[in-house]
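See structure below.
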There are 2 protein chains.
Amino acid sequence: MANLKQLAHSLGLSITTVSRALDGYSDVSAATRARVREAAEAAGYRPNASARRLRKQRAELVAVTLPSDPGHVGPPHFLDMLSGCAEHLAAAGLNLVIAPVPRGVSELEICQRFVDGRRVDAMLLVRTKRKDERVEYLQSRGIPFVTNGRTESLIPHPFIDGDGFAGFRAATLRFHAAGHRRIGHIAGPQEYYFAHVRRRGWQAAMEECGLAADLCAEGAPLEQGGYLAALELLRQPSRPTALVCATDEMAIGALRALREVDGGNQISIVGHDDLPMGAFTSPPLSTMRMTGENLGASFASLLLRAIAGEPAEELQELHAIEFVDRDSHRRPPLAA
Amino acid sequence: MANLKQLAHSLGLSITTVSRALDGYSDVSAATRARVREAAEAAGYRPNASARRLRKQRAELVAVTLPSDPGHVGPPHFLDMLSGCAEHLAAAGLNLVIAPVPRGVSELEICQRFVDGRRVDAMLLVRTKRKDERVEYLQSRGIPFVTNGRTESLIPHPFIDGDGFAGFRAATLRFHAAGHRRIGHIAGPQEYYFAHVRRRGWQAAMEECGLAADLCAEGAPLEQGGYLAALELLRQPSRPTALVCATDEMAIGALRALREVDGGNQISIVGHDDLPMGAFTSPPLSTMRMTGENLGASFASLLLRAIAGEPAEELQELHAIEFVDRDSHRRPPLAA
DNA sequence: AGGGACCTCCAAAACGTTTTGGTTGACTCT
DNA sequence: AGAGTCAACCAAAACGTTTTGGAGGTCCCT
């Protein structure tokens, strides 16, 4: 309710002293400081955020772009990540704002709108593309940012990502070791870095094993996309006996295709993301997940360090992928 | 890059005139206005948001509280709703900020933090409880807000909600009409309004049909909660032949219980939310959904009208529930 | 007694807008 | 010619902080 002026007046002190007392400066006597703190508490004083931001030339805001277009920005646990990130940013006095990207507007334009209006101190970018114009723009403007997922940008930038290449390579090699020879891949849209790198992991493993990497179908990173892609692979003259899917949602879509086509218990399948839902599918879905606790906190930490000016090279986290074995990857490699 | 002062100087005009020209006031000549607009465009001028907020005494921000605790705030399409809401708010110059609720902190405290610091012009509340202290607080402070879901508050407040009572009553009556007599309910935590009202809808239908409403189990509104609740009902001496589940996620959990206990094709089941995932479960999940397009836009509209001062009574939307029939509700009412 | 070296405190400027309450000069009407 | 009207512009205040650059004491040392 109160502002600094009223508080100062009621205490018989100057605005300066009250302000500095509350901020803990040493040029205020301990007695005064205590008195001020008490009065501020009693009056329920909270500094006016706009005034502080204006004076300090900081927005105290970090924006995350959220495409509203495809009806889906990321895996369902994405919101938990955002929430965790916002929580840790809040501890540093920063708030997380949603920068929605309306249909027909590019993500780049939204970035510009926030950055040029000095509305944010930093940005969080999700669903990076291999060649991501947002990254290029932010780099050119020198705005701190962190991406969820790498890009092919030549200039290094802060990111957190899972080692999709290694994960998908390992998953494919594991199927090979179990006797599978026709191992298919259900890929996400290849302009996304995560989708591309997962596909390359599968492909590399196939080539290492001397197998043709030809059983690959691409779809939207949703259940429906996985369903259609699986149907396509199952129509091949020589069906896959195992499927490595870019995401759990695609894998769950593929599971339905398997049920429809072969009863659902012939072909091995593995996804990625460790959706809670995966434990409840039929059969329970084997999957992979990025290691590391509390992703949101990591993003917040990187953002703060980027704002503090740490060089990009020190703000890159590549996490290992681990398997979450349930049931769906255990089908024997029978010819269909 | 530039601010008003520099722009005014370069044009040989006063700050006032430039400001008013850009805002389209009529006391600036058309010629001057054009000249100013052109110069502003060329200089890439964007008004400093903090300065405007300070002067106008508006935060240009709306906060939505997101509990980070249960690992789950709402159905997966919740993020789409937020994104849509943010998009429509942005058109009115408002941004949506995430107000995370850390473990151990009450949602009320977070509300206070945002409201007392005048950091927001309005709030969006999700997952309302029957008796929701956030609602009481915001009402007492006279801060505009809209809730997703009703409450039992005696003072009316703006909300958008589905008519869960009617929906669950209708679903139960439909099972009755199909010959079912032992119709169970898998309920969400009863402190949430949505969970309570859905249960009451089921209960009312049972009583109308002269049946005992005793086959009810409660769980967390997640797959695991539905799974455990279903297991509990299936252990009853007289098993249900149909299940009405508070959410799709619970229904998907229950589906697994059914598969484990009776092979999964004996008992009818219906959920609520119309998750995309539901089309890919085994069997495909019949469900219900709230009618109405673009929920996010509706929230944004209500928020703007609440900020504009419209009375709460005119800002209440209760949407009908419609069935989404897939397959899981069609099992015959056989005795188990 | 004079000069530092603190310790407390404060007036005023600054941040970049928006808005209030004008002023100036040209034109019109009687 | 004087009064009134209007269009076009502007100086200054205000929003509530933080920070700069002191000012006035007190105490100690020589």
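Letters A, B, ... are given to chains in the order of the sequence lines, protein chains preceding strands, and every chain is numbered from 1.
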For atom [atom1] of [X] and atom [atom2] of [N], their distance in whole Å:
X	N	atom1	atom2	value
B:N3	C:dG16	CG	C1'	7 Å
B:D23	D:dC9	CG	P	16 Å
B:Q57	D:dA13	CD	P	19 Å
B:L22	D:dC10	CG	P	14 Å
A:R52	D:dC15	CZ	P	19 Å
A:I15	D:dG16	CD1	P	10 Å
B:K5	D:dA13	NZ	P	15 Å
B:R53	C:dC15	CZ	C1'	15 Å

Test: B:E60 and B:R52 ion pair at under 4.0 Å:
yes

Ion pair A:E152/A:K131, N-O distance below 4.0 Å:
no

Pairwise distance CD(B:E310) to CG(B:L304) - rounded to 0.5 angstrom:
10.5 Å

B:L13 vs B:L54, nearer the 5' end of DNA chain D by closest nucleotide
B:L13

Do A:T16 and C:dA12 share a donor-acceptor pair, side chain to base, under 3.5 Å?
yes

Under 3.5 Å donor-acceptor pair, A:R55 side-chain atoms to D:dT18 base atoms:
yes

Do we get A:R20 above A:Y25's six-membered ring, with its NZ or CZ under 6.0 Å from the centre and within 45° of the axis?
yes

Is any side-chain nitrogen or oxygen of [X] closer than 4.0 Å to OP1 or OP2 of [N]?
X	N	result
A:S50	D:dT17	no
B:S19	C:dT18	yes
A:Y25	C:dC9	no
A:T17	C:dC9	no

Any base atoms under 4.0 Å from B:S26, or only sugar-phosphate, or nothing? Heavy atoms, all strands.
nothing

How is A:D27 classified with respect to the nucleic acid when contacts are heavy atoms under 4.0 Å: base, sugar-phosphate, or nothing?
base

Minimum-distance nucleotide (side-chain atoms of [X] versus [options]):
X	options	answer
B:K56	D:dT17, C:dT19, C:dC9	C:dT19
B:S14	D:dG16, C:dA11, D:dC10	D:dC10
B:S29	C:dC9, D:dA8, D:dG16	D:dA8

For B:E107 and B:R127: C-alpha separation, side-chain torsions, deciding distance, then whether salt bridge (Lys or Arg N to Asp or Glu O under 4.0 Å) applies.
CA-CA 11 Å; B:E107 298 208 27; B:R127 277 279 154 123; over 6 Å; no

